[in-house]
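Letters A, B, ... mirror the listed sequences (proteins, then strands); counts begin at 1.
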Protein chains: 2
Amino acid sequence: MEKENALNALAALGQETRLDVFRLLVKAGNEGMTAGAISDALDVRPNTLSTHLGALSRCGLVQAERDGRSICYRANLKTMRVLVTYLLQDCCGGNPELCAPFLNMAKTAPCDGANDC
Amino acid sequence: MEKENALNALAALGQETRLDVFRLLVKAGNEGMTAGAISDALDVRPNTLSTHLGALSRCGLVQAERDGRSICYRANLKTMRVLVTYLLQDCCGGNPELCAPFLNMAKTAPCDGANDC
DNA sequence: TCCATAATTCGAGAATACTCGAAATAATGA
DNA sequence: TCATTATTTCGAGTATTCTCGAATTATGGA
């Protein structure tokens, strides 16, 4: 269950357009961007973008919220933290304390509430 | 250049067998594991595994070192840090200080030298 | 209600990725 | 040198993914 989600998130980010979209939304921060604005900014056809936004949304990397006729998308950094934590789980086998600082950072709350993280 | 590498690393981790291999090597820590040991542990055919190890190696997520007849693979956490930093670059747009804690953690040296990170 | 705008869903074609058996390379020891 | 073990490379078949045009759904305003 946990693995499936991590796998989907990583596969989602491992595609150029989706990586561009995610990074654009990370930059946009808490304001987010509408699908149309993303489409314009990255020069990707609306229907193609919609497919990619669906993939990012399904694995929790972005969140969608309707705003009138438009739909606003925001990056969800919480999922990023879960992802990094999953990747570094049980780091260094018998000596987990060696990697604790790295893992801890994945747990600390950054952003003071912005981006839901 | 930077982007290409991040993309390859994410695509590499977005495949079940490669994700399993990487996490196994993260657990194994600085000792690493031979290709054969990984093949046995994950029940993946040697030639198939070799292809996946090649992908992980090319994008810097693992490092290979020959040891007699065997080849020992180790996870390279340095690449993970670069990856996380790339993903969260310019986080929160006008308010980068909001995400500083998260990014800083990606810069701090964990592991005290283990895993080359 | 009717029209225009915003975004998504559908279906199909082209490109890419995954896996495997077979063959090749590398290293060790008799 | 020859046989054995460890791993990689090659080629092909199958499956998955990406992109696009066309059609559809949803919202807001005249």
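- Base engagement by B:Ser50 is indicated by at least one non-hydrogen atom pair under 4.0 Å involving a base atom.
- Listed by chain and number, the residues in a side chain to side chain contact (heavy atoms under 4.5 Å, CB included) with A:Cys59 are A:Asn8, A:Ala9, A:Ala12, A:Leu61 (sequence neighbours excluded).
- At a non-hydrogen distance threshold of 4.0 Å, A:Thr34, A:Ala35, A:Gly36 from residues 31-40 of chain A come into contact with DNA chain C.
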Compile the donor-acceptor pairs under 3.5 Å between side chains in residues 34-41 of chain A and protein atoms, sequence neighbours left out, one pair per line.
{"residue": "A:Thr34", "atom": "OG1", "partner": "A:Ala37", "partner atom": "N", "Å": "3.1"}
{"residue": "A:Ser39", "atom": "OG", "partner": "A:Val44", "partner atom": "O", "Å": "2.6"}

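- Residue pairs meeting the side-chain hydrogen bond (donor to acceptor under 3.5 Å, both in side chains) criterion with at least one member in residues 49-62 of chain A, sequence neighbours excluded, are A:Arg18-A:His52.
- From the 5' end on, the contacts that DNA chain C makes with chain A at under 4.0 Å to a non-hydrogen atom open and close at C:dA4 to C:dT9.
- No side-chain heavy atom of A:Arg23 sits under 4.5 Å from any side-chain heavy atom of B:Leu88.
- Residues A:Leu19 and B:Leu87 meet the side-chain proximity criterion, which asks for heavy atoms closer than 4.5 Å.
- Annotation: salt bridge (Lys or Arg N to Asp or Glu O under 4.0 Å) contacts of B:Glu31 (sequence neighbours excluded): none.
- When all heavy atoms of B:Arg66 and B:Ile71 are compared, the closest pair comes out as NH2-CD1, 3.8 Å.
- Smallest separation of non-hydrogen atoms from B:Arg74 and B:Gly29: CG-O, 4.2 Å.
- If one axis is set at each end of the helix from C:dT1-D:dA30 to C:dA30-D:dT1 from five pairs, those axes are 20° apart, to 10°.
- Annotation: cation-pi geometry not satisfied between A:Arg81 and A:Tyr86 (NZ/CZ under 6.0 angstrom from ring centroid, within 45° of ring axis).
- In this structure, the side chains of B:Gln89 and A:Lys27 stay at 4.5 Å or more apart for every pair of heavy atoms.
- Atom pair B:Leu49:CG and D:dT9:P shows a separation of 12 Å (rounding to whole Å applied).
- When all heavy atoms of B:Val21 and B:Leu56 are compared, the pair lying nearest together is CG1-CD1, 3.7 Å.
- B:Glu65 places its CD atom 16 Å from the C1' atom of D:dA6, with the value rounded to the nearest Å.
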Contact string for nucleotides 10-24 of chain D, one letter per nucleotide 5' to 3', B = base within protein heavy-atom range under 4.0 Å, S = sugar-phosphate only, - = neither, reads --------SSBBB--

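- Every side chain to side chain contact (heavy atoms under 4.5 Å, CB included) that A:Arg45 has, sequence neighbours left out, goes to A:Asn47, A:Thr48.
- Considering all non-hydrogen atoms of both residues, A:Leu7 and B:Leu13 come closest at CD1-O, 3.8 Å.
- D:dT25 atom P lies 14 Å from atom CZ of A:Arg66, rounded to whole Å.
- In this entry the distance linking CZ of B:Arg58 with P of D:dT8 reads 11 Å, nearest Å.
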